[in-house]
Chemist: 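One structure is given below, represented as C-alpha cells, and several questions about it will come after.
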Amino acid sequence: MALMKTGVIALFDVDGTLTAPRKAVTLKMLQFMKELGKVVKIGVVGGSDLVKISEQLGQTVITDYNYVFAENGLVAYKDGKLIGTQSLKTFIGEENLKAIINFILHYIADLDIPIKRGTFIEFRSGMINVSPIGRNCSQEERDEFERYDKIHNIRSKLVSLLREKFAHLNLTYSIGGQISFDVFPQGWDKTYCLQYLDEFTEIHFFGDKTYKGGNDHEIYESERTHGHTVTSPEDTMKQCTSLFLDN
C-alpha cells in the first residue's frame, strides 16, 4: 500500500478537470479520487457555489475531500466543517453593487445574440456570475453559445467595458465555463483559498482554464503552487497517476 505523502495536497478545479463541463462526476473519477486520497490530501476549488459543486461532485463532497473551496474559497470547508466566508456586498457596498448590476442588465438587454434565457446575473456570497445567454439555458444551448462566443467574443467584450467603467472598484473579471464570467474584488480569485493551506509545503493545482483571463490562471501561476494544465478528466487522472501513484 502506498504511504501518505506528508505536507502535500492536490487541489482541483471542477469543470473540465474532475468533470465534463456542468456534468456529473463519473464513478471512475470518484473511485480514482478515493485512491488518490490515500496518498495525498485532496481538495476542490471551484468558482460556483456549494450547491452547484455538490450537483456535480455529489452531496457528500465536503466530506469526500479534505478541503472544499466554493466561490474560489470565499466559502471554505475543511473536513466537512465551515472554516471561512466572505461577502461581496459588504466589501464594495450596496450602491456600487447596484450600479454594476444595472449596467450589466442594460447591456444584456440591448445585446443581439441568437437566443436568451433566464438568470443573467447570479448573486453569490463573494462574487456575481454574469451570463449573457442566461444560466437557465439547456446543455445544448450552452454548447451552441460556447461556439458562438469563441467567434464573436461576447463575454470578453462585456468584460472590457466593465473594466473601463468600474476601474475605480479594483474588480477582477474571470471568464470560466461555457456561458459566463465571474466578478469579484482583486485577490478574490482562486488564490484566495491558499490562505487556508499554510500547513502544506507542496501544493499541486490542476485546472483546464490556466491561460491568462481564465479562472484558473492566477492560482496556476502562483509561486505557492505547482500548476498543471489538464485537457479533460481523463488527463487529470493520467497526470495524477504519474505524479503521485506510479511511485
Side-chain angles (χ1 to χ4, degrees), residues 9-22 43-48 53 69-74 86 88 91-92 100 103-104 107-108 111 113 121-122 124 126-133 142-143 145-195 197 202-233 235-236 239-240 243:
I9 185 170
L11 196 59
F12 300 89
D13 168 51
V14 181
D15 273 0
T17 302
L18 294 180
T19 76
R22 290 304 301 153
V44 174
V45 54
S48 297
I53 291 175
F69 299 114
E71 301 183 43
N72 294 347
L74 301 173
Q86 183 60 274
L88 173 65
F91 191 83
I92 69 171
I100 295 167
F103 181 88
I104 291 170
Y107 182 88
I108 292 177
L111 183 62
I113 58 177
I121 295 179
E122 184 175 84
R124 301 173 182 172
M127 66 178 72
I128 57 173
N129 177 266
V130 181
S131 175
I133 184 178
R142 281 175 171 267
D143 296 340
F145 177 81
E146 183 178 30
R147 291 190 289 268
Y148 185 86
D149 189 44
K150 286 179 179 178
I151 298 171
H152 299 281
N153 299 308
I154 301 300
R155 288 182 290 178
S156 60
K157 288 178 181 176
L158 177 50
V159 163
S160 294
L161 288 173
L162 289 168
R163 281 200 179 105
E164 180 180 353
K165 176 72 174 178
F166 298 100
H168 60 291
L169 295 180
N170 296 317
L171 298 172
T172 294
Y173 305 88
S174 181
I175 296 175
Q178 294 178 287
I179 62 169
S180 64
F181 63 89
D182 297 325
V183 182
F184 47 85
Q186 287 182 10
W188 288 19
D189 51 64
K190 288 185 177 179
T191 60
Y192 191 89
C193 75
L194 298 178
Q195 66 184 287
L197 302 177
E202 190 175 319
I203 302 171
H204 291 264
F205 171 76
F206 299 83
D208 64 317
K209 290 182 170 56
T210 58
Y211 50 82
K212 188 173 179 60
N215 63 354
D216 297 325
H217 178 71
E218 290 83 4
I219 191 170
Y220 171 81
E221 289 285 316
S222 172
E223 62 182 16
R224 290 196 59 199
T225 68
H226 300 275
H228 307 276
T229 303
V230 301
T231 57
S232 66
D235 188 39
T236 300
Q239 291 195 40
C240 285
L243 280 166

Chemist: Nearest 0.5 Å, please: how far is OG1 in Thr19 from CG in Asp15?
Modeler: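 One gets 4.5 Å once the value is rounded to the nearest 0.5 Å.
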Chemist: Going by ring-ring contact (aromatic ring centres under 6.0 Å, His included), name the residues that satisfy it together with Tyr211, two or more places apart in sequence or in a different chain.
Modeler: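 Residues passing ring-ring contact (aromatic ring centres under 6.0 Å, His included) with Tyr211: none at all.
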Chemist: Quick check: does any side chain N or O of His228 sit under 3.5 Å from a backbone N or O of Phe205, one acting as donor and the other as acceptor?
Modeler: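 Checked: no pair found.
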Chemist: With distance as the sole test, does Gln239 use its side chain to make a donor-acceptor pair with the main-chain N or O of Thr229 at under 3.5 Å?
Modeler: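 Answer holds: yes.
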Chemist: Closest heavy-atom contact between Asp13 and Gly207?
Modeler: CB-CA, 3.9 Å
Chemist: Calculate, to the nearest 0.5 Å, the distance between atoms NE2 and OG1 belonging to His217 and Thr210 respectively.
Modeler: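 Result: 8.5 Å between the selected atoms.
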Chemist: Of all heavy-atom pairs between Gly126 and Trp188, which one has the smallest distance, and what is that distance?
Modeler: O-CE3, 3.4 Å
Chemist: Under 3.5 Å, is there a donor-acceptor pair between the side chain of Asn215 and the main chain of Ser174?
Modeler: no
Chemist: At their closest point, which heavy atom of Val44 faces which heavy atom of Leu11, and how far apart are they?
Modeler: N-CD1, 3.9 Å
Chemist: According to salt bridge (Lys or Arg N to Asp or Glu O under 4.0 Å), who are the partners of Arg224, at least two apart in sequence or on a separate chain?
Modeler: Asp198
Chemist: Quick one: CD1 on Ile92 to CD1 on Ile128, what's the gap to the nearest 0.5 Å?
Modeler: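 Rounded to the nearest 0.5 Å, the CD1-CD1 separation comes out at 7.0 Å.
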Chemist: Please report the interatomic distance CG(Leu158) to OH(Tyr173), rounded to the nearest 0.5 Å.
Modeler: 9.0 Å
Chemist: Considering only residues two or more places apart or on different chains, which pairs with a residue in residues 175-189 satisfy salt bridge (charged side-chain N to carboxylate O under 4.0 Å, His left out)?
Modeler: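 Salt bridge (charged side-chain N to carboxylate O under 4.0 Å, His left out) check on residues 175-189 returns Arg124-Asp182.
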Chemist: For the residue pair Phe103 and Phe166, is the inter-centroid distance of their aromatic rings smaller than 6.0 Å?
Modeler: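 Distance test on ring centres: under 6.0 Å, yes.
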